[in-house]
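Below, all heavy atoms of this structure are taken into account, side chains as well, without hydrogens, waters or symmetry copies.
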Amino acid sequence: MPHYKFTSPLVIGFFALIYVSLFFTGSGAIWPAIGGLVWTVGFMAAIKFVNRQTAVSMNVED
């Protein structure tokens, strides 16, 4: 990505702003924001699990 030192924080800030806006829905329901948080934590846990399994399998082969 060109000019990543500038664009990377800009993109992260944009997505953070979108996520924060989920808490301010007109209906007063915060379920979309909670669902996004659960999905994010679950996805991070899955990635961590896959990375751990990859590291273990690489150590076994050595």
Side-chain angles (χ1 to χ4, degrees):
M1 179 183 288
H3 310 290
Y4 68 91
K5 288 185 180 183
F6 173 72
T7 57
S8 186
L10 186 65
V11 169
I12 291 171
F14 174 74
F15 283 114
L17 181 66
I18 296 298
Y19 181 73
V20 168
S21 72
L22 291 174
F23 287 101
F24 300 113
T25 59
S27 65
I30 61 168
W31 293 113
I34 292 172
L37 186 60
V38 168
W39 185 90
T40 301
V41 170
F43 187 75
M44 288 173 51
I47 294 297
K48 202 171 231 188
F49 177 76
V50 168
N51 285 341
R52 183 180 301 157
Q53 294 300 323
T54 304
V56 168
S57 67
M58 291 178 85
N59 287 335
V60 171
E61 292 174 3
D62 288 340

* **Residues in ring-ring contact (aromatic ring centres under 6.0 Å, His included) contact with Trp31, at least two apart in sequence or another chain** => none
* Hphob cluster co-occupancy, Tyr19 + Val38, side-chain heavy atoms under 4.5 angstrom -> yes
* Single-linkage hydrophobic cluster Val11~Phe14, side-chain heavy atoms < 4.5 angstrom -> yes
* Asked: Taking atom CD1 of Ile12 and atom OG1 of Thr7, what is their separation to the nearest 0.5 Å?
  -> 9.5 Å
* Gap separating the NZ atom of Lys48 from the CZ atom of Phe43, nearest 0.5 angstrom -> 14.0 Å
